[in-house]
Amino acid sequence: MKVLVTGGCGFIGSHTCVELLEGGYEVVIVDNLSNSKKDVVNKIETITNKKVKFYEVNVCDFKELDKIFETEQIDAVIHFAGYKAVGESVSKPIMYYRNNLDSTLTLIEVMSKHNVKRLVFSSSATVYGDPEKLPITEDFPLHTTNPYGTTKLMIEMILRDLYKSDNEWSIALLRYFNPIGAHKSGLIGENPNGIPNNLMPYIVKVANKELPQLSIFGNDYVTKDGTGVRDYIHVVDLAKGHIKAIEKVSKDRGIDAYNLGTGKGYSVLEIVNTFMKVNNVDVPYKIVERRPGDIAACYASTEKANKILGWKAELEIDEMCKDAYNYVINNK
Ligand code: UFG
């Protein structure tokens, strides 16, 4: 079975390509390298000892994408490609709507043309906004607080309308919680350009002395220690969830959403302390004001993914912290 992966050179995309290849799937990557590097393709091949087809193409480009579908016999698509920085989406909303919506619409049109109707979409727990209670189940009300999140929610709605109009589609909407960690090989991992926005890449840069100290955004939330609580999931576990989703869309038609998290919440302080302990390294930090738009706590109910996809995250927080640091040490 041949799977086309848009954004396959990115953080979650590259780990998913590894799992696909190890599971015996053929992989075709389409990535315009806007936020990733081409050498990721070689690294995926080194880890798996298998070949990957790579096309440096923008998913918004109908003609080029169409050519790929003409050349390759694609059976299913995993769609990761998209802009993903929350803060940037607030200052450049139109760029986000244009890119994330256009790429998805183009992809769907090309897939329809070639009668490829199995799709796994990379959504986000951001579609739940600030949840009224925890853990979050898939039937919670959906609302967003920034344009990035809105593009994810809009795409979910577009895909639901698509299925209503044509019941031959099989679509899985995967709502990710907070992916961290890296592949054990230390060859692929998270590599944001510039100063990171997310917690783990920031911690890693402080541990590596590239940044002087971590700012912890608020310690007055109603949580176990006052700092924000999130559901951190190892990116390899998350990648494995995509294989289960591909199996699901290969056998059943329909559209459904699944939370991919661990179901456990860790505070910022717990993450920082675990990171220091397992890696035996110092991460200086200071407490600062809350970051606007942040919520106190967020973690998943993973029951649905467990029951319907037969998937469950296995790696613990120690492993996530070790692997995140190992990747940076390896790529110094
Ligand atoms: N945090 C800090 N200091 C930092 C960075 C983060 O204290 O320098 C804290 C935040 O306040 C929050 C926690 O660490 O409590 C996690 O923050 P992240 O920025 O790593 O992640 P978020 O939960 O804010 O956002 C993530 C993804 C989004 C996605 C969202 C909801 O980055 O893409 O989860 O699923 F939309």
Side-chain angles (χ1 to χ4, degrees), residues 1-21 25-48 50-85 88-89 92 94-124 148 151-152 154-155 158-159 162 169 171-174 187-188 190-193 239 242-243 245-246 249:
M1 185 166 170
K2 200 183 266 191
V3 181
L4 183 138
V5 182
T6 76
C9 293
F11 177 43
I12 308 172
S14 58
H15 288 81
T16 301
C17 289
V18 167
E19 295 304 317
L20 283 168
L21 291 161
Y25 293 88
E26 288 180 75
V27 171
V28 177
I29 295 179
V30 179
D31 199 309
N32 69 348
L33 305 177
S34 72
N35 192 24
S36 56
K37 297 204 172 70
K38 196 177 162 214
D39 68 352
V40 170
V41 177
N42 302 329
K43 291 177 175 171
I44 294 169
E45 291 181 336
T46 305
I47 294 170
T48 58
K50 298 205 168 131
K51 286 273 161 222
V52 178
K53 263 288 192 56
F54 171 70
Y55 292 92
E56 188 175 337
V57 160
N58 188 331
V59 186
C60 300
D61 188 332
F62 185 98
K63 263 196 192 152
E64 288 301 317
L65 200 59
D66 190 39
K67 268 196 226 157
I68 298 171
F69 275 76
E70 247 152 44
T71 314
E72 311 281 350
Q73 284 294 314
I74 303 296
D75 297 294
V77 174
I78 308 183
H79 180 36
F80 291 106
Y83 294 153
K84 61 170 189 177
E88 187 184 50
S89 80
K92 298 177 181 165
I94 305 311
M95 183 176 107
Y96 269 67
Y97 289 117
R98 171 65 75 197
N99 183 66
N100 292 4
L101 297 179
D102 247 10
S103 54
T104 308
L105 294 170
T106 307
L107 176 67
I108 295 167
E109 283 176 345
V110 176
M111 286 177 72
S112 295
K113 183 176 166 202
H114 294 270
N115 207 29
V116 180
K117 295 184 175 176
R118 295 171 181 146
L119 175 65
V120 174
F121 173 61
S122 162
S123 188
S124 165
Y148 156 75
T151 67
K152 292 291 179 193
M154 289 170 104
I155 294 168
I158 290 169
L159 294 175
L162 173 67
W169 279 84
I171 304 170
L173 311 169
L174 303 183
L187 288 175
I188 52 173
E190 193 170 11
N191 218 345
N193 295 330
H242 292 74
I243 313 303
I246 282 287
V249 299

For [X], check ring-ring contact (aromatic ring centres under 6.0 Å, His included) against everything at least two apart and list the hits.
| X | value |
| --- | --- |
| Tyr148 | none |
| Tyr83 | Tyr96 |
| His242 | Phe80, Tyr176 |

For [X], which residues count as a side chain to side chain contact (heavy atoms under 4.5 Å, CB included) partner, sequence neighbours excluded?
| X | answer |
| --- | --- |
| Asp66 | Phe62, Glu70, Val110, Lys113, His114 |
| Ser123 | Phe121, Val127, Lys152, Glu156, Arg175 |
| Lys50 | Leu21, Thr48 |
| Met154 | Tyr97, Leu101, Thr150 |

Stepwise side-chain contact (heavy atoms from CB on, under 4.5 Å) test for Leu159 and Leu173:
CA-CA 9 Å; Leu159 294 175; Leu173 311 169; 3.7 Å; yes
In Å and rounded to the nearest 0.5 Å, what is the [atom1] to [atom2] distance from [X] to [Y]?
| X | Y | atom1 | atom2 | answer |
| --- | --- | --- | --- | --- |
| Leu4 | Leu107 | CG | CG | 7.5 Å |
| Thr16 | Ile29 | OG1 | CD1 | 10.5 Å |
| Ser122 | Ile155 | OG | CD1 | 9.0 Å |
| Ile188 | Ile47 | CD1 | CD1 | 4.0 Å |
| Leu162 | Ser112 | CG | OG | 6.0 Å |

Applying side chain to side chain donor-acceptor pair (under 3.5 Å), name anything that partners Glu45, two or more places apart in sequence or on another chain.
none
Would you please name every residue forming a side chain to side chain donor-acceptor pair (under 3.5 Å) with Thr6, sequence neighbours left out?
His79
Which atom names give the shortest non-hydrogen contact between [X] and [Y], and what distance separates them?
| X | Y | result |
| --- | --- | --- |
| Thr71 | Lys67 | OG1-O, 2.7 Å |
| Ile246 | Ala76 | CD1-CB, 3.9 Å |
| Val249 | Ala172 | CG1-N, 3.7 Å |
| Ala81 | Gly7 | CB-N, 3.8 Å |
| Asn99 | Gly82 | ND2-CA, 4.0 Å |

Using side-chain heavy atoms (C-beta onward) and a distance below 4.5 Å, is [X] in contact with [Y]?
| X | Y | value |
| --- | --- | --- |
| Val30 | Ile68 | yes |
| Leu20 | Ile243 | yes |
| Lys63 | Asp61 | yes |
| Thr46 | Leu187 | yes |
| Trp169 | Ile108 | yes |

Looking at Asp75 and Val3, would you say the former's side chain and the latter's main chain have a donor-acceptor pair under 3.5 Å?
no
Atom pairs and distances, side-chain donor-acceptor, residues 34-44, under 3.5 Å, sequence neighbours left out:
| unit_1 | atom_1 | unit_2 | atom_2 | d |
| --- | --- | --- | --- | --- |
| Ser34 | OG | Asn32 | OD1 | 3.4 |
| Asn35 | OD1 | Asn193 | ND2 | 3.4 |
| Ser36 | OG | Asp31 | OD1 | 3.3 |

Identify each donor-acceptor pair in which a side-chain atom of residues 53-60 lies under 3.5 Å from a protein atom, sequence neighbours left out, and give them as a table.
| unit_1 | atom_1 | unit_2 | atom_2 | d |
| --- | --- | --- | --- | --- |
| Lys53 | NZ | Glu72 | OE2 | 2.7 |
| Tyr55 | OH | Glu72 | OE2 | 2.6 |
| Asn58 | OD1 | Cys60 | N | 2.9 |

Residues in salt bridge (charged side-chain N to carboxylate O under 4.0 Å, His left out) contact with Glu190, at least two apart in sequence or another chain:
none
